[in-house]
Amino acid sequence: MNEEAWTIGRLLSWTADFFGERKIDQPRLAAEVLLAQVLQCQRIELYTRFEEVVSEDMRTEFRGLIKRHAVGEPVAYLVGHREFYSLNFKVNPHVLIPRPETETLVSELLDRLPAKGDKVDWQVCDVGTGSGAIAVCVAKYLPQATVTAIDISSQALTVAQENAQRHGVTERIHFTLGDLLSPVAGQRFDAIVSNPPYISPTELEQVAKSVKDFEPQVALVGAGADGGQTTRQLIDQAADALKPGGWLLFETSPMLAPSLKGYLEQQTQWSQSGVVKDTAGLPRVVWARRQLA
Ligand SMILES: C[S@@+](CC[C@H](N)C(=O)[O-])C[C@H]1O[C@@H](n2cnc3c(N)ncnc32)[C@H](O)[C@@H]1O
């Protein structure tokens, strides 16, 4: 009997159908990323190798990844990396997988800290750095900026340090273990940026299994019944840690954005504040400027 060979093309169609039947997000993309990982090639290369037969060993390895993804394990953890702001970041289950929403936060920050002009040696603090996605982007795209990257998780800081090394910016990022801005008491920054945990305990029950069961809770769930207390604490600490005219920018949920902007408006230290929508059109980034004097 002449059994049909398991070519790259056939494996991809079979796997995409299998993921699709299980209602897995972006089934074809997941199949391609996982197979490219097993074959140690770029995803794009698969398209020129559709007719190539995949060895039994490789298929066994691929089957293992398919099974893990089918029960919710995120592709980024399975392959160990994720692209963010056109840079490739190492990730593991100690860090949140960087999200496209957070790219809006980075863009808004970079818009406020021009890379050309009289002042370019910006001092930036990234609170809750996780994989270092924000801190590394800031250091990479603002070549004279110095970044302080804080996290409460030492395992996350290890990943962030590896990412700084990967992108050649270790010398301009100081990594610090601690709670919010407490490790940098007395210091003053031009900008404080943060993607703090902001999901409420109730919302956690409703998020996808791939998030709830696999990403670190410390990265997801904010303090307080609404999940916003960690952010309110950050706001309370940030005014004293910013230079006059300095910027605070943070990511939050569309539900919390209006109330957090209201919280900022109640405080006299801030001269302006606003909310920016992400690429999906949802209120996502809240910003405020410290009074000039
Ligand atoms: C939502 S993740 C953001 C990770 C990364 N900045 C990103 O945007 O992909 C939140 C991060 O904040 C850290 N974290 C949680 N509570 C913290 C606290 N009180 N002080 C400092 N970091 C905290 C978590 O360990 C986690 O790495």
Side-chain angles (χ1 to χ4, degrees), residues 74 76-77 81-110 124-140 147-164 166-167 169 173-185 187 189 191-201 203-204 207-208 211-212 214-224 227-238 241 248-254 256 260 278 284-286:
Y77 289 154
H81 57 91
R82 169 56 56 95
E83 190 174 300
F84 177 81
Y85 221 87
S86 302
L87 298 178
N88 193 271
F89 284 87
K90 173 188 167 152
V91 294
N92 69 22
H94 294 299
V95 298
L96 186 97
I97 299 164
R99 305 291 207 270
E101 301 88 282
T102 311
E103 294 181 335
T104 304
L105 177 64
V106 173
S107 295
E108 290 295 317
L109 175 69
L110 295 178
V124 178
C125 184
D126 173 23
V127 183
T129 198
S131 62
I134 300 170
V136 169
C137 284
V138 171
K140 191 84 189 162
V147 185
T148 300
I150 301 170
D151 208 287
I152 205 161
S153 155
S154 58
Q155 291 109 321
L157 282 180
T158 302
V159 177
Q161 277 162 325
E162 286 185 47
N163 279 320
R166 183 179 276 208
H167 294 292
V169 290
I173 305 184
H174 308 299
F175 294 94
T176 312
L177 182 68
D179 183 9
L180 298 178
L181 287 161
S182 56
V184 290
Q187 291 184 43
F189 298 93
I192 294 172
V193 63
S194 182
N195 175 16
Y198 55 71
I199 294 179
S200 73
E203 282 161 355
L204 183 69
V207 299
V211 176
K212 181 165 64 115
F214 291 93
E215 297 200 71
Q217 285 230 359
V218 66
L220 298 170
V221 184
Q229 189 54 20
T230 309
T231 310
R232 288 188 287 271
Q233 282 168 354
L234 175 68
I235 293 172
D236 292 345
Q237 296 175 14
L248 169 66
L249 294 102
F250 56 85
E251 179 176 323
T252 193
S253 73
L256 286 174
L260 291 172
D278 61 21
R284 183 67 67 183
V285 171
V286 181

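The basis for the numbers below is simple: all heavy atoms, side chains too, and nothing from hydrogens, waters or symmetry mates. Since this is a predicted model, take the numbers as computed values, not measurements. In listed order, ligands and their atoms are each counted from 1.
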Visitor: In terms of atom number and element, which parts of ligand 1 are under 4.0 angstrom from non-hydrogen atoms of V218?
Guide: 15 (C), 24 (C), 25 (O)
Visitor: Counting each atom of ligand 1 from 1 as listed, which ones have a heavy atom of L180 under 4.0 Å away?
Guide: 18 (C), 19 (N), 20 (N), 21 (C)
Visitor: Does T129 approach ligand 1 within less than 4.0 angstrom via side chain, backbone, both or neither, non-hydrogen atoms only?
Guide: backbone
Visitor: Which residue and atom name correspond to the protein heavy atom nearest atom 12 (O) of ligand 1, and how close is it?
Guide: G128 CA, 3.2 Å
Visitor: Would you confirm whether D126, through its side chain, and A149, through its main-chain N or O, come within 3.5 Å as a donor-acceptor pair?
Guide: no
Visitor: Ligand 1 versus T102, non-hydrogen atoms closer than 4.0 Å: side chain, backbone, both, neither?
Guide: side chain
Visitor: Heavy atoms, side chains only, cut-off 4.5 Å: are R284 and P254 in contact?
Guide: yes
Visitor: Give a yes/no verdict on whether any heavy atom in G178 is under 4.0 Å from an atom of ligand 1.
Guide: yes
Visitor: Tell me whether the count of non-hydrogen atoms from other residues, nucleotides or ligands lying under 6.0 Å of CD in Q155 goes above 12.
Guide: yes
Visitor: Under 3.5 Å between any N/O of I152 and any N/O of ligand 1: does that happen in this structure?
Guide: yes
Visitor: Considering non-hydrogen atoms of the protein only, which is the closest contact for atom 1 (C) of ligand 1, and what is the distance?
Guide: A219 O, 3.0 Å
Visitor: If only atom types and distance count, is the side chain of T148 paired as donor or acceptor with the main-chain N or O of H174 below 3.5 Å?
Guide: no
Visitor: Would you mind running through ligand 1 and noting each atom that sits below 4.0 Å from a heavy atom of I134?
Guide: 6 (N), 8 (O)
Visitor: Is it the case that ligand 1 has an N or O less than 3.5 angstrom from some N or O of D126?
Guide: no
Visitor: Pick one: which of L110, I134, V136 meets side-chain contact (heavy atoms from CB on, under 4.5 Å) with Y85?
Guide: L110
Visitor: Can you tell me if E215 uses its side chain to pair, donor with acceptor, with the backbone of L96 under 3.5 Å?
Guide: no
Visitor: Can you name the side-chain hydrogen bond (donor to acceptor under 3.5 Å, both in side chains) partners of H81, sequence neighbours left out?
Guide: N88
Visitor: Do the non-hydrogen side-chain atoms of F84 and V91 ever get within less than 4.5 Å of each other?
Guide: no
Visitor: Indicate yes or no: does an N/O atom of D151 lie under 3.5 Å from an N/O atom of ligand 1?
Guide: yes
Visitor: Where is the nearest protein heavy atom to atom 3 (C) of ligand 1: which residue, which atom, and how far?
Guide: N195 O, 3.2 Å
Visitor: Under 3.5 Å, side chain of R99 to main-chain N/O of I97, donor-acceptor pair present?
Guide: yes
Visitor: Using a strict cut-off of 4.0 Å, indicate which atoms of ligand 1 neighbour a heavy atom of D179.
Guide: 18 (C), 19 (N), 20 (N)
